[in-house]
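What follows is one structure encoded as structure tokens, with my remarks underneath.
Keep in mind the model is a prediction, meaning the values are calculated, not measured.
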Amino acid sequence: MASKLTKSDYTKTSLRAYLLQNGMNYNNYQGLGYANMLYPSLRKMYSDDDELKEVLKDNIEFFNTNPSMAPFITNLHLSMLDGGADPKEIKGIKMALMGPMAGIGDSLSQFCLAPLFATIGASLAQEGLILGPIFFWLGINICLFIVKMLMGGWGHKLGTSIITKLSGYMEQVSTVAGMIGVTVISGLAVNFVKITTPLQYVAQVSETEQKVISIQEMLDAMLPNLLPVLFTCLVFWLIKEKKWTTYRLVILTIIVGILLSVIGFLG
């Protein structure tokens with residue numbers, strides 16, 4: 001299939017990473033920004049408005065990664081799509097990459113570049129040089145610009161390579177990518193959803209001795225993080241089957257949390 005996108009299209013998509021956070025919301029995080037990054041290239045690939053609308057809707061789903069790493073994923077996405085790959089397979093790779101790329105990008109920008117240029121800039125500023133804050137601003141932004149461009153180029157090359165070299169293995173690649181994506185999301189649920197119960201009961205150990213047993217300790221011993229997993233499954237069911245919005249889920253969480261805390265079921 002003839003390619004519809006040019007190198008210029010991939011460069012524009014990389015530059016649109018600066019707009020990634022503009023559509024940030026609690027419903028799909030960077031989903032709107034991700035679709036916005038792809039929009040000019042998708043417009044070029046899909047001349048039919050109805051078809052373009054469906055493709056954009058499919059890419060407004062939940063997404064969250066580091067903005068400097070986003071061009072790697074978007075350009076990989078576009079090069080695979082332009083090469084004729086199945087959108088479902090692309091989605092699996094996209095979701096698998098967002099977590100690892102977020103970790104790499106955050107570490108690079110927040111724990112490497114920012115401290116480096118902040119230290120040098122602060123040192124210059126302490127000497128009374130106006131160059132201090134200018135050096136910090138220019139240094140970190142130039143570096144992040146270079147990172148965005150490099151990530152976009154590598155994503156494009158990798159996407160093309162996947163199509164030409166791994167076309168016969170795309171189903172396996174997609175399956176593995178989906179497994180990684182599910183693992184990342186599961187890890188987030190376990191680490192960020194905190195639910196415990198203070199419920200206890202008294203067990204008669206002997207005629208003269210009683211022991212207070214904590215329900216939470218029993219759950220942790222048999223099925224660690226059971227309550228967070230159950231609540232996450234409930235939320236998933238409400239989203240998938242009942243089509244609940246994030247705002248309804250937030251309200252439900254607040255109400256249920258307060259009520260169960262008042263009656264002593266939750267800690």
Side-chain angles (χ1 to χ4, degrees), residues 5-26 28-44 59-60 62-80 82 93-162 177 180-181 184-185 187-188 191-192:
L5 301 181
T6 64
K7 186 177 180 180
S8 174
D9 295 315
Y10 291 103
T11 300
K12 291 177 182 177
T13 302
S14 298
L15 290 173
R16 290 175 73 87
Y18 285 104
L19 306 176
L20 179 65
Q21 302 280 52
N22 286 10
M24 186 78 175
N25 61 79
Y26 286 110
N28 54 13
Y29 275 62
Q30 297 170 345
L32 187 60
Y34 186 89
N36 184 47
M37 285 182 65
L38 298 180
Y39 175 74
S41 296
L42 293 179
R43 173 79 278 182
K44 190 172 182 180
N59 283 288
I60 296 179
F62 175 86
F63 185 81
N64 190 34
T65 197
N66 182 276
S68 298
M69 297 291 119
F72 180 84
I73 302 175
T74 54
N75 286 10
L76 172 66
H77 183 150
L78 288 173
S79 60
M80 291 182 66
D82 196 30
I93 295 176
K94 164 190 168 183
M95 300 306 291
L97 284 175
M98 71 173 185
M101 297 307 290
I104 295 172
D106 290 346
S107 298
L108 177 65
S109 60
Q110 298 177 23
F111 303 113
C112 181
L113 295 178
L116 173 64
F117 287 108
T119 300
I120 298 175
S123 177
L124 294 173
Q126 284 182 329
E127 298 296 327
L129 298 175
I130 193 174
L131 182 61
I134 296 175
F135 176 84
F136 169 77
W137 189 84
L138 287 176
I140 193 169
N141 279 286
I142 289 173
C143 286
L144 292 178
F145 172 79
I146 293 173
V147 169
K148 285 183 175 69
M149 293 297 102
L150 288 175
M151 289 296 108
W154 290 340
H156 177 206
K157 290 180 181 178
L158 179 59
T160 304
S161 175
I162 288 176
I180 295 173
V184 171
I185 298 300
L188 289 173
N191 284 283
F192 287 94

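Between Met149 and Ser14 the shortest heavy-atom distance is CE-CB, 3.5 Å. Closest heavy-atom contact between Ser79 and Gly155: OG-O, 3.8 Å. Taking every heavy atom of both residues into account, Asn75 and Gly153 meet most closely at ND2-N, 4.3 Å. Closest of all the heavy-atom pairs between Gly103 and Ser107 is O-OG, 2.8 Å.
Rounded to the nearest 0.5 Å, atoms OG1 (Thr65) and CD1 (Ile104) are 9.0 Å apart. The CG atom of Leu150 sits 11.5 Å away from the NZ atom of Lys148 when rounded to the nearest 0.5 Å. Atom CG of Asn64 and atom CE of Met98 lie 7.0 Å apart (nearest 0.5 Å). Atom CG of residue Asp106 and atom OG of residue Ser68 lie 9.0 Å apart, to the nearest 0.5 angstrom.
Annotation: side chain of Ile93 is in contact with side chain of Met80 (closest heavy-atom distance under 4.5 Å). Using a 4.5 Å heavy-atom threshold, the side chains of Leu76 and His156 count as separate. With contacts defined as side-chain heavy-atom distances shorter than 4.5 Å, the pair Met69/Val147 qualifies. At least one side-chain heavy atom of Leu78 sits under 4.5 Å from a side-chain heavy atom of Leu5. Between Thr74 and Lys94 the shortest side-chain heavy-atom distance does not fall below 4.5 Å.
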Can you give each donor-acceptor pair under 3.5 Å made by side-chain atoms of residues 16-23, sequence neighbours left out, with the distance rounded to 0.1 Å?
unit_1, atom_1, unit_2, atom_2, d
Arg16, NE, Asn36, O, 2.9
Arg16, NH2, Asn36, O, 2.9
Arg16, NH2, Asn36, OD1, 2.8
Gln21, OE1, Gln30, NE2, 3.0

Contacts under 3.5 angstrom, residues 108-133 side chains, donor-acceptor by atom type, not counting sequence neighbours:
unit_1, atom_1, unit_2, atom_2, d
Ser109, OG, Gly105, O, 2.9
Thr119, OG1, Pro115, O, 2.7

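By the ring pair (Phe, Tyr, Trp, His ring centres under 6.0 Å) test, Phe63 is found to be paired with Tyr34, residues two or more places apart in sequence or in another chain being considered.
For Lys12, the NZ atom counts as loosely surrounded, since its 6.0 Å shell holds 12 or fewer non-hydrogen atoms of other residues, nucleotides or ligands.
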